[in-house]
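Scope of the values below: all heavy atoms of this structure, side chains included, with no hydrogens, waters or symmetry mates. These numbers come from a predicted model, not from an experiment. In what follows, chains are A, B, ... by sequence order, proteins preceding strands, each numbered from 1.
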Amino acid sequence: MLPKEYRLKNKAAFSATYRIKNSFYKDGIVLYAGKLKADNENPTRVGFVVSKKTHKRAVRRNRLKRLMRESYRLMLKNNETGNAQNYMSLIFVGYEKAVGKNFDEIQNSIKDLIMRLK
RNA sequence: UAAAGCAGCCGGAUAAUCGCGCCCUAUAAGGUGAGGAAAGUCCGUGCAUCCAAGGACAGAUUGCCGGAGAAACUCCGGACGGUGUGAACCGGUGGAAAAGGACCACAGAAAGAUACAGCCUAAGUUACUACCAGUAAACGGCAAAGGUGCAAUGGCGAGGUAAGAGCUCACCGACGAUAUCGAGAGGUAUCGCUCAGGCAACCCCCAAUCGGAUGCAAGAUUAAAUGGAAGGUUAUAAAGGUGUCCGCCCACUUCCGAAAAAUCGCUAGAGAUUAGGAGUAAUCCUAAUACCAGACAGAUGAUUAUCUUGAAACAGAACACGGCUUAUGAGCUGCUUUAUUUU
């Protein structure tokens, strides 16, 4: 898990991020990027979403969210997030295709998505 | 030894690295952190808010007996019926002539009153041939044997008869009465001017019980903010609320937009574990012990290695509790039954 200050929290922030429609797709994962930062006071906040429509079982959804979150956390720790830190918020949405993949596959997808941010 | 039946257990472990929620201290360190079903949301409760004067009419639930339990489409023990060689298992199990209605697909003549194929080798009336006698032609009698169907008006045998029929009789079954045993459901025995399609998981009847609605996104407090549109307004109150109607309550109601923060509710309990006692059991009583998730975009994780047993199944708390139902890998334990072999 990420510390609290790195998490995207309320509904308004989520809808604000979606509204910008700056998205990228890779192997069942979609990345939405929010506004560019005005200053560097707050860290980039990240949300992870797997809808109930994607998969019925909570255990599988949790697994996908945790893998995505862990991938991002490790990148953050190793300072590999690159341009991602210029954005106020990021949302990763997992879809059916990504359910059941292992850690390496998820991490590659996340890495690829982040590299595409400018 | 094999195949079954029932009950129960387990629900991965260890190490390393990197992490998260909550508690406590306060950068650290420490403690603690999903389930047997947390699931489905099918029952029942607690708790919360709103409504509920009353009348009439509706409504809901339950349905063999006894017990347990806060209650339950709950549990335990028993009765009865059914299935199985058996251990055992299954059963929403009051009332279907003596209240009433509806329905009973297909097939079949007929699924509430019927005769398709038949029988009545001629008993009755008629007809035909002159009588006797013959003829199932008409009236009529029959429902036993045939076919259909889940089901055809209790089964089977004998008597009886023109042929037949509980028409009569024996045995069995059902129903009722009496006696007796039992706490009771019921069991047993005897008797009878008794013999009646099914369906009440359709309405209905009977008996018993029940304030209702909405669910923790309930709801309470604090802080902040309070724009627009439509309708209503001193009353016959439209809308709204109360199961319906009457009645009653309410001066604001509905929709859209914006903003959506913190605290409480929130986890010490119809709890848990252990021991003892009562009881066939469900369960209850007593004592001791410890405090054992509480998030709010929502923690309980990721990777690697080794091992069990191979690559660990089903599956993730969201106010809480009691049940039911469904899902579940590999393995283990106990008791019981049947079959076979040996002694």
Side-chain angles (χ1 to χ4, degrees):
Chain A
M1 260 318 275
L2 293 165
K4 263 185 176 173
E5 58 268 24
Y6 290 92
R7 297 186 211 162
L8 193 59
K9 290 215 144 182
N10 58 47
K11 192 180 167 186
F14 269 83
S15 50
T17 308
Y18 284 130
R19 222 178 286 131
I20 291 175
K21 293 184 176 168
N22 184 16
S23 66
F24 306 88
Y25 175 85
K26 168 88 177 172
D27 292 339
I29 300 174
V30 174
L31 168 61
Y32 291 89
K35 290 181 187 171
L36 287 167
K37 276 183 191 172
D39 51 54
N40 271 330
E41 279 183 21
N42 294 313
T44 302
R45 296 175 189 275
V46 192
F48 299 89
V49 175
V50 180
S51 159
K52 222 173 187 177
K53 287 179 197 164
T54 302
H55 200 279
K56 219 169 62 172
R57 296 293 170 204
V59 172
R60 309 276 176 78
R61 294 200 305 273
N62 274 346
R63 167 81 181 166
L64 178 56
K65 276 167 78 174
R66 281 165 181 162
L67 287 175
M68 294 196 298
R69 204 182 278 141
E70 182 69 8
S71 302
Y72 183 80
R73 184 184 71 79
L74 290 175
M75 289 171 71
L76 194 68
K77 187 185 160 211
N78 298 331
N79 227 350
E80 292 172 351
T81 52
N83 292 330
Q85 293 308 308
N86 296 332
Y87 292 89
M88 277 179 76
S89 59
L90 301 172
I91 302 175
F92 293 91
V93 183
Y95 287 100
E96 201 172 352
K97 204 177 161 191
V99 174
K101 290 195 174 181
N102 65 29
F103 179 72
D104 287 337
E105 292 170 314
I106 298 291
Q107 192 169 38
N108 285 336
S109 302
I110 298 281
K111 233 174 229 174
D112 184 78
L113 286 168
I114 287 198
M115 286 307 126
R116 279 151 73 176
L117 285 173
K118 297 187 175 162

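Remark: B:U234 base-pairs with no nucleotide in the shown strands. Criterion, Watson-Crick or G-U wobble with two distances under 3.5 Å. The pairing partner recorded for B:G334 is B:C6, the criterion being a Watson-Crick or G-U wobble arrangement whose two distances lie under 3.5 angstrom. When both pairing distances are held under 3.5 Å, B:A26 makes no Watson-Crick or G-U pair with any nucleotide shown. Under the Watson-Crick and G-U wobble criteria, each requiring two contacts below 3.5 Å, nucleotide B:A224 is left unpaired. Pair assignment for B:A189: B:U178, on the basis of Watson-Crick or G-U wobble contacts that are both within less than 3.5 Å. Using N1 to N3 plus N6-O4 or O6-N4 for Watson-Crick, or N1-O2 and O6-N3 for G-U wobble, each under 3.5 Å, B:A305 pairs with B:U14. B:U343 is unpaired under the criterion used here, namely a Watson-Crick or G-U wobble arrangement in which both key atom distances are under 3.5 Å. Look at B:G211: its Watson-Crick or wobble partner, with both distances under 3.5 angstrom, is B:C51.
Glycosidic torsion of B:G36 falls within 90° of 0, placing the base in syn. Shown here, B:G166 is classed syn by the O4'-C1'-N9-C4 or O4'-C1'-N1-C2 angle, which is within 90° of 0. B:C292 takes the syn form, because its glycosidic angle lies no more than 90° either side of 0. Base orientation of B:A278: anti, since the glycosidic angle falls outside 90° of 0. Within 90° of 0 lies the glycosidic angle of B:A34, which makes this nucleotide syn.
Rounded to whole angstrom, the span from the CD1 atom of A:Ile91 across to the P atom of B:G298 amounts to 12 Å. Between the CZ atom of A:Phe48 and the P atom of B:G298 there is a distance of 9 Å, given to the nearest Å. For A:Lys65 and B:A297, the NZ to C1' distance is 7 Å, given to the nearest whole Å. In this entry the distance linking CG of A:Asn62 with C1' of B:A318 reads 13 Å, nearest Å. For A:Leu74 and B:C20, the CG to C1' distance is 13 Å, given to the nearest whole Å. In this entry the distance linking CG of A:Asp104 with P of B:A302 reads 14 Å, nearest Å. Taking atom CZ of residue A:Phe103 and atom P of nucleotide B:U304, one finds them 9 Å apart after rounding to whole Å. Between the OH atom of A:Tyr72 and the C1' atom of B:A302 there is a distance of 17 Å, rounded to whole Å.
Here CD of A:Glu105 is found 8.5 Å from CG of A:Asp27. Values are rounded to the nearest 0.5 Å. Note: A:Tyr72 OH to A:Leu31 CG = 9.5 Å, rounded to the nearest 0.5 Å. For the atom pair CG (A:Asp104) and NZ (A:Lys111), the distance works out to 9.0 Å, reported to the nearest 0.5 Å. We find the CD-CD1 distance between A:Glu70 and A:Ile106 to be 12.5 Å, quoted to the nearest 0.5 Å. Note that the CZ atom of A:Arg66 and the CZ atom of A:Arg69 stand 7.5 Å from one another [nearest 0.5 Å]. To the nearest 0.5 angstrom, A:Met75 atom CE is 4.0 Å from A:Ile114 atom CD1.
Checking B:C18, B:A297, B:U303 against every side-chain atom of A:Val49, the shortest atom distance belongs to B:A297. The side chain of A:Arg69 approaches B:A299 more closely than any other nucleotide in the set B:G301, B:A299, B:A315. With B:C18, B:U303, B:C314 as the candidates, the nucleotide lying closest to the side chain of A:Arg63 is B:U303. The A:Ala58 side chain lies nearest to B:A317 when the options are B:C18, B:A299, B:A317.
One donor-acceptor pair, N or O on each side, does fall under 3.5 Å between the base of B:C18 and the side chain of A:Arg73. A donor and an acceptor atom never sit less than 3.5 Å apart when one is taken from the side chain of A:Arg66 and the other from the base of B:G19.
Between B:A34 and B:G301, the distance separating the two P atoms is 8 Å to the nearest Å. Spacing of P atoms, B:G5 relative to B:C103, comes out at 47 Å, to the nearest Å. Rounded to whole Å, the P atom of B:A237 lies 13 Å from the corresponding atom of B:C246. Here the separation of B:G21 from B:A297, taken at their P atoms, is 13 Å to the nearest Å. B:G78 sits 33 Å from B:C195 when the C1' atoms are compared, rounded to a whole Å. Taking atom P on both B:G247 and B:C256, the two are 34 Å apart, rounded to the nearest angstrom. Taking atom P in both B:U283 and B:U74, one finds a spacing of 15 Å when rounded to whole Å. Separating the C1' atom of B:U126 from that of B:A136 is a span of 13 Å, rounded to the nearest Å.
A:Arg116 places a side-chain N or O within donor-acceptor distance of the main-chain N or O of A:Tyr25, the cut-off being under 3.5 Å.
A side chain to side chain contact (heavy atoms under 4.5 Å, CB included) with A:Ile29 is found for one member of A:Tyr95, A:Phe48, A:Phe92, A:Phe24 and no other, namely A:Phe92.
Phosphate contact (OP1/OP2 of B:G316, side-chain N/O of A:Arg57, threshold under 4.0 Å): present.
A:Arg61 comes within 4.0 angstrom of nothing in the nucleic acid, heavy atoms only.
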